[in-house]
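Everything below concerns the one structure shown next.
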Amino acid sequence: MDRPVSHRIVILGGGYGGLNVALELERRLPRLRRSDWEILLVDRYGYHQHIILLHEVAANSITPRDATVPFSRLLRGKRIGFLQGEVAGADLEQRSVAIDGRQIPYDHLVLALGSETDFFGIPGLRQNSFGLKSIGETLAIHAQVRRAFTLAETAPPEERRALLTFVVGGSGFTGVEMAGELADWLPELVEKHRIPMLEVRLTVVEASNTILAGFGRRPIRMAREKLAAKGVEIKIGAPVVRAEPGLVQLGSGETIPTRTLIWVGGVEAPPQLARWGLEVGSRGRAVVDEYLESAGRPEVYLVGDSSLVVEPATDRPAPPSAQLALQQAEVVADNVAADLGYGRHRHFEPAPTGDVISLGRADAIATFGPIVFDGYRARLLKETIALRYYYRIGGTTLGLRKLPGAWRATGIGLRTLLPGV
């Protein structure tokens with residue numbers, strides 16, 4: 001990284017957007033005269049996280065290794081440097097970033113910092129809830145659920161009630177998937193610890209008047225019915241207004257004794273975007289032009305949850321998602337390469353995609369425009385999408401290496417798919 005180069009591209013964040021900008025850009029730039037350019041990927045972790053699988057790790061369906069890949073594995077043999085560290089600041093005027101006290105100059109900067117959990121200023125929520133934005137948070141949920149059952153075996157009645165009550169705050173995509181996966185794990189813990197299932201309570205609380213806001217009536221109805229069949233209680237129009245150790249208070253005044261509150265009620269962009277002088281809009285996301293450049297700074301691109309992109313069909317901000325980040329990554333790679341004289345610039349416009357919402361290990365709901373289907377075929381599609389992503393970033397070898405985790409996640413054997421085998 002310290003050798004002289006004529007052009008350095010620094011990418012902050014190794015999530016879906018940042019990693020794929022690096023991989024796509026490396027393919028686009030010429031292989032000759034490597035000293036003319038350098039790609040440097042920076043991330044706080046030494047591994048890439050497949051975020052859409054984190055709820056499966058939390059609920060014991062797959063292992064942490066099934067949802068992560070070391071950057072050393074992904075970048076082996078590629079012309080991409082990697083630096084693990086915390087981003088302490090950025091000087092956009094001087095074109096440099098501070099990583100763990102070290103100043104690194106850049107010619108192009110790609111900001112792919114993802115998003116942070118939004119606690120909406122609710123008293124006590126940050127201190128008394130578990131998030132689902134990283135493997136570390138995921139493992140904390142996993143350990144807490146196991147600990148709750150262990151402690152409940154000998155706890156007095158009131159404490160036992162709180163230990164065996166699990167609350168998911170937020171019923172968007174992540175909240176519904178977390179509830180469905182957890183609902184499949186709880187019976188296993190009940191059997192192991194010999195606790196009556198009737199004593200276990202799993203509740204989803206949602207501030208708005210529906211779950212899965214933004215989805216159609218049919219998938220919403222199907223999701224509610226499937227969660228109810230698994231014993232999940234759903235409270236809509238029930239905003240969390242306070243969280244205390246062992247207690248969640250709702251807007252109605254109702255209190256729920258619980259030792260496990262999983263908060264997935266919303267996200268916001270990292271606050272440093274505004275501090276660095278970028279123009280920001282809704283939820284702190286940075287305003288970008290049609291090329292995904294920051295307003296007024298053509299050498300700074302944004303991708304993923306940190307960027308504010310408007311959907312032409314609705315004239316509203318596009319919801320942050322892995323699919324949006326991957327689409328943006330290809331356009332940003334094209335445009336940075338074009339800035340260097342290779343290829344043509346492209347405008348970005350979000351392309352419609354389908355959604356697959358997992359509802360436990362053997363069930364899901366898939367929506368593609370007017371087409372909606374569910375069951376184990378939809379669940380297998382979910383894992384196929386995850387495996388296809390691994391193939392995209394790591395080729396056949398990585399895809400095959402992650403295949404056993406996909407089978408564990410679904411709990412669906414070959415006999416289900418091939419009767420008579």
Side-chain angles (χ1 to χ4, degrees), residues 11 13 15-21 24-25 28 51-52 108-116 118 170-174 176 208-220 266-270 273-274 278-339 343-357 365-372 381 385 388-389 392:
I11 303 170
Y16 293 118
L19 172 64
N20 282 275
V21 168
E24 296 291 338
L25 185 57
R28 286 158 172 74
I51 296 293
I52 68 169
H108 270 88
L109 179 64
V110 179
L111 297 175
L113 296 172
S115 58
E116 300 179 359
D118 192 346
S171 70
F173 208 109
T174 304
V176 166
S208 69
N209 60 0
T210 183
I211 67 170
L212 293 174
F215 283 78
R217 290 183 180 180
R218 187 180 174 197
I220 290 174
V267 296
E268 61 182 351
L273 297 179
L278 296 176
E279 181 183 348
V280 299
S282 173
R283 296 290 181 91
R285 297 161 74 183
V287 177
V288 293
D289 63 15
E290 64 269 30
Y291 299 102
L292 296 176
E293 294 174 341
S294 173
R297 296 193 178 276
E299 77 284 355
V300 178
Y301 288 86
L302 286 107
V303 62
D305 295 1
S306 296
S307 64
L308 179 60
V309 173
V310 176
E311 290 183 320
T314 63
D315 201 31
R316 298 179 62 183
S321 70
Q323 287 298 325
L324 182 68
L326 293 176
Q327 291 178 23
Q328 291 177 311
E330 293 195 9
V331 173
V332 168
D334 279 339
N335 289 340
V336 173
D339 288 347
R344 301 175 61 182
H345 290 90
R346 291 173 56 195
H347 288 188
F348 177 74
E349 186 172 311
T353 60
D355 291 297
V356 186
I357 310 159
I365 300 171
T367 66
F368 296 89
I371 301 172
V372 180
L381 177 60
I385 292 170
R388 185 178 65 179
Y389 176 69
R392 170 177 177 156

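Heads up: numbering here begins at 1 and tracks the sequence. All heavy atoms count here, side chains included; hydrogens, waters and symmetry mates do not.
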Exercise. Give a yes or no on whether the backbone of V310 and the side-chain of D315 come within a donor-acceptor separation of less than 3.5 Å.
Key: no
Quiz prompt | Mutual orientation of the aromatic rings belonging to Y291 and H347 [parallel < 30°, tilted 30-60°, perpendicular > 60°] | solution = perpendicular
Self-check item: Least distance between heavy atoms, I365 atom then P219 atom
Solution: CD1-O, 3.7 Å
Exercise. For the residue pair V176 and F215, establish whether any side-chain heavy-atom pair is separated by less than 4.5 Å.
Key: no
Quiz item: What distance separates L308 CG from L292 CG, expressed to the nearest 0.5 Å?
Solution: 11.0 Å
Exercise. List the steps, then state whether side chain to side chain contact (heavy atoms under 4.5 Å, CB included) holds for S306 with L111.
Key: CA-CA 7 Å; S306 296; L111 297 175; 5.5 Å; no
Quiz item: Any idea which heavy atoms bring S115 and P270 closest together, and the distance?
Solution: CA-CD, 4.3 Å
Quiz prompt | Within-4.5 Å side-chain heavy-atom neighbours: E349 and V309 | solution = no
Self-check item: Note, N20 side chain near R392 side chain (heavy atom, < 4.5 Å)
Solution: yes
Quiz item: For the side chain of Q327 and the backbone of A351, is there at least one donor-acceptor N/O pair under 3.5 Å apart?
Solution: yes
Quiz item: So, Q328 side chain and G304 main chain: donor-acceptor pair closer than 3.5 Å or not?
Solution: yes
Self-check item: Sub-4.5 Å side-chain heavy-atom contact between R297 and L109
Solution: no
Quiz item: Do the non-hydrogen side-chain atoms of L326 and Y389 ever get within less than 4.5 Å of each other?
Solution: yes
Practice problem: Using atom types as modelled and distance alone, determine if a side-chain donor or acceptor of Y16 lies under 3.5 Å from a backbone N or O of I51. | Solution: yes
Self-check item: Nearest atoms (heavy-atom pairs only) where L302 meets A286
Solution: CD2-CB, 3.4 Å
